2 protein chains.
Amino acid sequence: MSISSRFAVAIHILSLLDINKEGRNTSEFIAGSVNTNPVVIRRVIGLLGKAGLVHTSPGVGGASLARPPREINLLEVYRAVQNDPPGELFAAHDKPNPKCPVGQNIQGTLDTVFKRAESAMENELAKVTLDQIAFDLVRGDR
Amino acid sequence: MSISSRFAVAIHILSLLDINKEGRNTSEFIAGSVNTNPVVIRRVIGLLGKAGLVHTSPGVGGASLARPPREINLLEVYRAVQNDPPGELFAAHDKPNPKCPVGQNIQGTLDTVFKRAESAMENELAKVTLDQIAFDLVRGDR
DNA sequence: ACCACCTGTAACCATTGTAGTTACAATCGT
DNA sequence: ACGATTGTAACTACAATGGTTACAGGTGGT
């Protein structure tokens with residue numbers, strides 16, 4: 001399966017918070033841009049808040065970036081909304097038969113390869129910062 | 001969510017076919033090593049067959065590698081068992097609001113980043129060949 | 001102090017992908 | 001012809017996801 005669209009939604013939200021930092025970013029307003037339900041937005045913002053990427057205030061609050069956008073990279077966002085722990089992008093098959101030479105050692109072998117592939121992907125995400133995304137968005141608008 | 005364990009199972013199967021090329025690799029035998037149901041194995045072998053990685057024969061058949069193991073890399077295996085089409089490791093959120101500057105352009109921006117990350121991962125998989133895996137497995141057995 | 005507005009969260013539902021299982025027709029080698 | 005094995009369909013159970021309704025509680029303006 002693919003990686004949850006929460007990741008895409010999270011980036012959308014953060015971009016909006018950056019670009020529209022003057023306005024009042026209620027979950028309903030954001031939901032209008034993302035085109036989904038406000039509760040979905042609040043859920044994602046909750047995750048981003050726990051990860052320290054946004055500040056939120058209950059009541060009339062609204063959310064805002066907790067850090068300047070050039071200090072937020074997409075890997076952080078990815079980890080914030082992905083509830084699978086790191087190192088588990090690829091699922092292992094459990095309990096291969098230890099009596100078989102293949103079953104006995106496959107876990108470790110696959111683990112190495114899988115970790116390497118996962119890291120390669122994450123490094124690409126880490127290279128991209130939120131302000132680059134925002135810049136791209138605004139430029140595309142011209 | 002994580003990538004289906006079919007991938008791990010597929011690598012297990014192919015390794016077994018390589019290492020045990022003398023024996024008779026029935027789905028039941030393989031299932032014993034992987035520790036799952038024979039039908040699960042046949043399903044994965046079916047996918048590998050469609051992708052041209054293994055030869056299978058109905059009836060008493062059994063399966064065997066269609067190519068030498070050093071000419072099979074893990075990216076091919078990945079694509080064979082992954083039914084999501086390439087370029088969709090990351091799910092986009094659909095129909096963002098086109099009236100919003102963010103919603104209007106986010107798809108394209110994310111697409112670029114997502115494709116880059118996905119490719120980075122796939123390149124790592126492409127680097128690893130089946131004979132490297134098999135070598136690792138046998139070495140680990142000592 | 002009141003009140004409209006908004007957040008945070010729980011609860012529920014429908015959908016989807018996955019893996020395991022049973023069953024069985026078709027096929028092959030002996 | 002027969003026993004073994006494949007290929008596939010059908011069904012079940014389960015987990016993750018995204019959408020939705022509901023509501024308690026906080027916040028700020030007036």
Side-chain angles (χ1 to χ4, degrees), chain A residues 1-10 12-13 17 23-51 54-64 78 80-85 88-97, chain B residues 1-10 12-13 17 23-51 54-64 78 80-85 88-97:
Chain A
M1 276 189 64
S2 37
I3 285 166
S4 159
S5 77
R6 277 197 305 270
F7 184 35
V9 171
H12 190 138
I13 293 173
L17 293 184
R24 219 155 118 271
N25 296 298
T26 68
S27 63
E28 191 166 355
F29 170 70
I30 300 175
S33 173
V34 175
N35 188 32
T36 183
N37 193 289
V39 176
V40 174
I41 301 296
R42 279 179 245 156
R43 278 203 284 243
V44 174
I45 288 184
L47 292 172
L48 296 174
K50 271 182 207 157
V54 300
H55 283 140
T56 67
S57 29
V60 172
S64 59
Y78 174 71
V81 299
Q82 194 69 11
N83 50 12
D84 296 334
E88 297 192 7
L89 175 61
F90 297 90
H93 58 310
D94 47 28
K95 322 189 213 64
N97 188 340
Chain B
M1 275 191 64
S2 37
I3 286 167
S4 158
S5 76
R6 277 197 304 270
F7 184 34
V9 171
H12 190 139
I13 293 173
L17 292 184
R24 219 155 120 269
N25 295 298
T26 68
S27 63
E28 190 166 355
F29 169 71
I30 300 175
S33 173
V34 175
N35 189 31
T36 183
N37 192 289
V39 176
V40 174
I41 301 297
R42 278 179 245 157
R43 276 203 285 244
V44 175
I45 288 184
L47 293 172
L48 296 174
K50 270 182 207 156
V54 300
H55 284 139
T56 66
S57 29
V60 172
S64 59
Y78 175 71
V81 298
Q82 195 67 12
N83 50 11
D84 295 335
E88 297 191 8
L89 175 61
F90 296 90
H93 58 310
D94 47 26
K95 324 189 211 62
N97 189 340

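All values reported here derive from a predicted model rather than from experimental measurement. Chain naming here is simple, since letters A, B, ... match the order of the sequence lines and numbering starts at 1 in each.
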Q: Find which nucleotide of DNA chain D each of B:Ser27 and B:Asp94 is nearest to by heavy atoms, and output the residue with the more 5' nucleotide.
A: B:Ser27
Q) For DNA chain D, what residues of residues 42-51 of chain A have any heavy atom nearer than 4.0 Å? A) A:Arg43
Q: Mind calculating the distance between CD (B:Glu28) and P (D:dG3) to the nearest angstrom?
A: 17 Å
Q | Contact letters for nucleotides 24-30 of chain D, in which S counts primed atoms plus P, OP1 and OP2 and B counts the base, heavy atoms under 4.0 Å | A | --BB---
(Q) So, OP1 or OP2 of D:dA16: does either fall under 4.0 Å of a side-chain N or O from A:Ser4? (A) no
Q) Counting side-chain heavy atoms from C-beta on, which of C:dT18, C:dG20, D:dA9 comes nearest to B:Val39? A) D:dA9
Q: Look at the side-chain N and O atoms of B:Asn25 and state whether any lies under 4.0 Å from the OP1 or OP2 oxygen of D:dT5.
A: no
**Q.** D:dG18 OP1/OP2 closer than 4.0 Å to side-chain N/O of A:Thr36
**A.** no
Q) Quick check: does any side chain N or O of A:Ser5 sit under 3.5 Å from a backbone N or O of A:Ala8, one acting as donor and the other as acceptor? A) no
Q: Could you work out which one of D:dT20, C:dT21, C:dT7 sits closest to the side chain of B:Val40?
A: C:dT21
Q. Between C:dT18, D:dT20, C:dG20, which nucleotide has the shortest distance from any of its atoms to the side chain of A:Asn37?
A. D:dT20
(Q) Closest-nucleotide mapping onto DNA chain D: is B:Ala63 or A:Asp84 further toward the 5' terminus? I mean the 5' end. (A) B:Ala63
**Q.** Sidechain-backbone polar pair: B:Asn97 side chain, A:Gly32 backbone, donor-acceptor under 3.5 Å
**A.** yes
Q | B:Arg6, nearest nucleotide to its side chain (from D:dT5, C:dC5, C:dT18) | A | C:dT18
